[in-house]
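First listed ligand is number 1; within each ligand, the first listed atom is number 1.
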Amino acid sequence: MSLYRVLFVLTAIPSVCSGQNENSCNVGPKDQYILVGSDTDVVCQTSCVHGRIYWTLNNTSVDESLSTAFNSSHTVLSLRNFTHHSATLQCQSVASRQVLGGTTIRTYTKPGRISCILHHSNQLDESLPDLFTCKWEHRMNTPLAINYSVLGAYGSQLSQREICKSHITECKASSDPIKLLENITITIRAKTAAWEVDSDPQEFSPLHILKMIRPQLSVTTFSDHLSVEWKRASRSKECHCQVKYGELVNMTLKEGDGSLSIWNLESCRNYTFSVRCAFDGAPWSDWSEEKTVLTKMNESDVQLRLWRNVAEPEESGVRKVHAMWTEIPPTCGDTFTYTVKPYTRDGMEVNDTAALCRGSTCDLYVNRDAHTIHLTVFHNETLLSEYSVYIPAAGESLPGVTDMETSTLKGVILVSWKAPIQPVSGYMIDWSHGGNQYYWKESKYTNATLSDLLDKKPYNITVTPLFGNKTGHGTQALQICSGVGDPGNVTITQVEPNDKSALVSWNVKSEGACSGAVVNYTIFYGIQEGPQLNVTVDGTVQSLLLKDLNPDTNYVVYVEATALSGTTRSLERHVKTKRFDPGLITAVSISGSIIILLVLFLGLCCAIKWKNFKEKPVPNPGLSSAVLWPAASHHERVYPIQPFNPSESLCDRVYTEDTHTSTTLLTAGCDGNPASDQTDEYIDPDTFPAPDVQCEHPVKPVETQHLSSPDDSTALLPLENSPLSPYRSQASDEISASRSSKHCKRVSVKQPEKAAPVTVYVTLDMFEQGQGR
Ligand SMILES: *[C@@H]1O[C@H](CO)[C@@H](O)[C@H](O)[C@H]1NC(C)=O
Ligand SMILES: *[C@@H]1O[C@H](CO)[C@@H](O)[C@H](O)[C@H]1NC(C)=O
Ligand SMILES: *[C@@H]1O[C@H](CO)[C@@H](O)[C@H](O)[C@H]1NC(C)=O
Ligand SMILES: *[C@@H]1O[C@H](CO)[C@@H](O)[C@H](O)[C@H]1NC(C)=O
Ligand SMILES: *[C@@H]1O[C@H](CO)[C@@H](O)[C@H](O)[C@H]1NC(C)=O
Ligand SMILES: *[C@@H]1O[C@H](CO)[C@@H](O)[C@H](O)[C@H]1NC(C)=O
Ligand SMILES: *[C@@H]1O[C@H](CO)[C@@H](O)[C@H](O)[C@H]1NC(C)=O
Ligand SMILES: *[C@@H]1O[C@H](CO)[C@@H](O)[C@H](O)[C@H]1NC(C)=O
Ligand SMILES: *[C@@H]1O[C@H](CO)[C@@H](O)[C@H](O)[C@H]1NC(C)=O
Ligand SMILES: *[C@@H]1O[C@H](CO)[C@@H](O)[C@H](O)[C@H]1NC(C)=O
């Protein structure tokens with residue numbers, strides 16, 4: 001370290017330590033600002049401790065070699081090429097690790113990268129520049145406010161003059177014309193409360209920092225080209241210019257104004273021009289004002305394109321041809337008329353009365369023969385140009401492409417095919433959704449990418465090879481969707497609730513050819529404001545029995561169809577489960593109906609019996625013929641009756657005997673019904689006492705009332721003579737002690753046992769007949 005600097009630092013210490021006693025410790029100088037990369041010294045007064053000390057910088061220890069003991073009580077740390085933005089230095093005792101004192105060092109930088117220009121406040125005034133603007137860069141790591149001043153010195157002069165002041169890194173001086181012929185040296189001075197620093201001086205040649213006023217541009221259109229011209233300042237001096245109109249054209253002007261002729265621009269298109277210039281090595285002027293011009297139409301340049309899509313012939317051989325062409329851009333005007341006509345191979349115009357044209361398309365109709373479609377364009381009634389496209393005859397032997405393959409990728413359709421054997425000049429691909437609007441493009445390769453398609457729509461794509469002035473046969477690819485859509489609308493068709501379950505049926509109506517196939521259905525159901533349950537079923541299932549529901553509860557059900565491309569859901573259906581199991585209700589109502597029917601039936605039965613009794617007079621034994629019952633045959637005759645066939649009741653036998661009275665028939669139907677007999681046996685009579693009551697009572701009145709009806713109809717007379725009546729009159733005595741139903745049967749079965757008093761009324765014929773059946 002230089003002795004000079006050490007002495008300087010050391011003489012500074014007493015002031016740092018002033019007022020402190022000899023045995024105090026401290027570090028100085030405090031809060032230094034130094035230029036980044038410069039050197040500095042820090043002194044530690046170590047009077048309060050004995051032994052060695054060490055330094056830390058931002059809490060990391062500093063190389064000991066930088067530290068020097070000046071005398072027993074002062075140690076100096078020498079920092080070289082200091083680049084920290086900010087550092088905290090501490091002096092510590094090695095023995096006690098006690099911090100004896102500390103200080104901070106911050107760095108600042110010089111402003112750099114100075115650039116200055118001379119320019120004009122008035123872009124139309126090409127006199128001497130009146131503005132001088134400088135910019136620079138300054139890395140400021142200080143919270144202190146900085147004042148900048150731009151200092152300038154002309155030529156070799158040493159005296160600097162303040163040109164302008166600012167608080168930011170840009171400064172604009174005005175109203176002080178700069179001398180154009182003498183170099184100027186610029187220095188930027190940055191000043192804060194704590195430090196001041198000057199940039200390195202930079203010399204500028206005024207001609208190299210002089211920015212021209214912007215050029216004055218004019219553009220003229222001609223039928224075949226465009227002329228761009230511009231006026232510029234300082235016409236006698238060489239300058240470079242750039243003309244911009246989408247492209248950028250560089251040119252150097254030796255002297256005079258600029259001009260440029262531009263050919264081969266597109267017809268009927270807007271072009272926007274602007275231009276700027278600069279002296280050699282000097283900054284660009286501002287861009288001139290923009291000028292936009294519309295190019296004129298170059299008739300040979302307007303290349304219309306014509307194409308057609310030929311449908312398969314109808315039965316009559318008529319083929320629909322969709323002709324389409326690109327129109328002359330509307331920017332060229334609207335005085336163009338287009339005519340499309342089919343011609344036969346011999347050049348005869350086809351009278352196509354059905355032709356329908358809209359916009360730039362026409363639907364024409366031709367027969368199976370080869371044709372040519374001509375498109376003629378007229379401009380103001382003069383023929384502008386003519387195009388034609390070939391339509392091969394239906395069976396014409398011409399090449400066509402094969403093995404067409406299509407695929408969809410992110411909304412575009414990729415088509416590829418195999419070239420025909422014959423050489424072709426290219427392929428025309430046309431595609432359409434719905435057949436109303438066609439798109440077409442040409443490809444040199446055996447593939448094409450179709451973009452700008454409608455989303456998720458089916459497309460018909462045709463590829464036609466081109467060769468010479470002919471076309472081959474078109475080959476249509478299988479219809480392909482530009483994307484797979486949602487699965488379609490799901491509708492719940494039916495919900496059949498039970499008490500604890502509900503059958504949900506649904507269907508899905510796909511929307512056109514591009515609906516996604518349903519992978520699975522999820523049925524969501526739940527009570528309102530309750531947890532929602534779901535069941536997922538296979539995409540082939542279209543109904544589901546929801547189980548474990550609560551009876552008499554409102555449920556909300558909906559179905560979601562999931563395809564790979566998305567999901568759709570049905571409307572919600574509200575369904576209330578039944579209070580009881582409908583099966584139980586059915587069983588109960590069926591058995592109830594059976595009981596009611598039974599009761600009615602029994603009632604009817606008894607009523608009829610009662611009626612019979614009521615209407616039937618007790619037979620007069622005097623009118624009957626007494627026949628002796630053959631004792632030998634008695635048991636034989638009765639025996640077959642003993643294993644009474646339940647299906648064949650007493651009434652049946654009565655019926656067989658007297659076949660000619662409807663009343664008897666009724667009676668037979670009643671008593672003789674096997675079902676009723678069986679029912680009698682199965683149902684406990686105690687449960688149904690009503691029939692007994694009905695049967696018991698009607699029977700008795702028969703005895704008392706039959707006398708009051710001696711004028712019974714003759715139809716009943718045969719019954720009066722029948723052997724039945726005595727049974728009944730006898731049975732009526734028993735009824736008081738037994739059930740009527742059992743009685744009826746028992747009468748028929750037991751009767752032979754009690755035959756003795758009854759034989760008087762029975763003829764042998766009856767048994768013979770009854771047994772014969
Ligand atoms: C060490 O040097 C400083 C500065 O010159 C002086 O003030 C101080 O008294 C000296 N200390 C001793 C012990 O000599
Ligand atoms: C900076 O300039 C302002 C006036 O513009 C002045 O008041 C202030 O004292 C200056 N600061 C320094 C550090 O020079
Ligand atoms: C003026 O400055 C330029 C650099 O900008 C330098 O090349 C040229 O020699 C200088 N001219 C004089 C006369 O100093
Ligand atoms: C039309 O443009 C072509 C080049 O595209 C050119 O050769 C021809 O001269 C132009 N004709 C007119 C009338 O502009
Ligand atoms: C025109 O000049 C600019 C810079 O001067 C350069 O970047 C550009 O490439 C040039 N363009 C042409 C077409 O020469
Ligand atoms: C239509 O056909 C007739 C003969 O059939 C022919 O004379 C005529 O030129 C054709 N063209 C038109 C446009 O009528
Ligand atoms: C598209 O092709 C299908 C056969 O793949 C056909 O049925 C349909 O009519 C065609 N649509 C149009 C608009 O040509
Ligand atoms: C079409 O074919 C050409 C030539 O084989 C190939 O370079 C190009 O990548 C293909 N384009 C597509 C979209 O497949
Ligand atoms: C239903 O199908 C979709 C689509 O394949 C799948 O992501 C999902 O896991 C399926 N759900 C069930 C429950 O299988
Ligand atoms: C279906 O229910 C299960 C629980 O059973 C649940 O984890 C799942 O998140 C539900 N799925 C949907 C789509 O709500």
Any N or O of Asn250 closer than 3.5 Å to N or O of ligand 5:
yes

Under 2.5 Å between the SG atoms of Cys514 and Cys481: is that the case?
yes

Tell me if the SG of Cys134 lies under 2.5 Å from the SG of Cys171.
no

Ligand 7 N/O within reach of Gln476 N/O, cut-off under 3.5 Å
yes

Suppose the criterion is ring-ring contact (aromatic ring centres under 6.0 Å, His included): which pairs have a residue in residues 500-551, not counting sequence neighbours?
Trp506-Tyr521, Phe524-Tyr558

Is any side-chain N of the basic residue among Lys231 and Glu126 closer than 4.0 Å to the acidic one's carboxylate O?
no

Flag the pair Arg276 and Asp286 as a salt bridge only when some basic side-chain nitrogen lies within less than 4.0 angstrom of an acidic carboxylate oxygen.
no

Can you name the atoms of ligand 7, numbered from 1 with element, that are less than 4.0 Å from a heavy atom of [X]?
{"X": "Gly435", "result": "13 (C)"}
{"X": "Gly434", "result": "13 (C)"}
{"X": "Gln479", "result": "1 (C)"}

Near ligand 10 (heavy atom, under 4.0 angstrom), the protein residues are Phe524, Asn534

Test item: side-chain donor near acceptor, Thr471 and Arg308, under 3.5 Å
yes

If only side-chain N and O atoms count, and only distance matters, is there a donor-acceptor pair under 3.5 Å linking Asp130 with Ser121?
yes

What part of Gln242, side chain, backbone, both or neither, has a heavy atom within less than 4.0 angstrom of ligand 5?
side chain

Given Leu544, which partner from the list Leu503, Val537, Thr536 fulfils the side-chain contact (heavy atoms from CB on, under 4.5 Å) test?
Val537

Report the C-alpha separation of Cys357 and Cys362 in whole Å, then their side-chain angles, then the decisive distance to 0.1 Å, and conclude whether the disulfide bond (SG atoms under 2.5 Å apart) test is met.
CA-CA 4 Å; Cys357 295; Cys362 279; 1.8 Å; yes

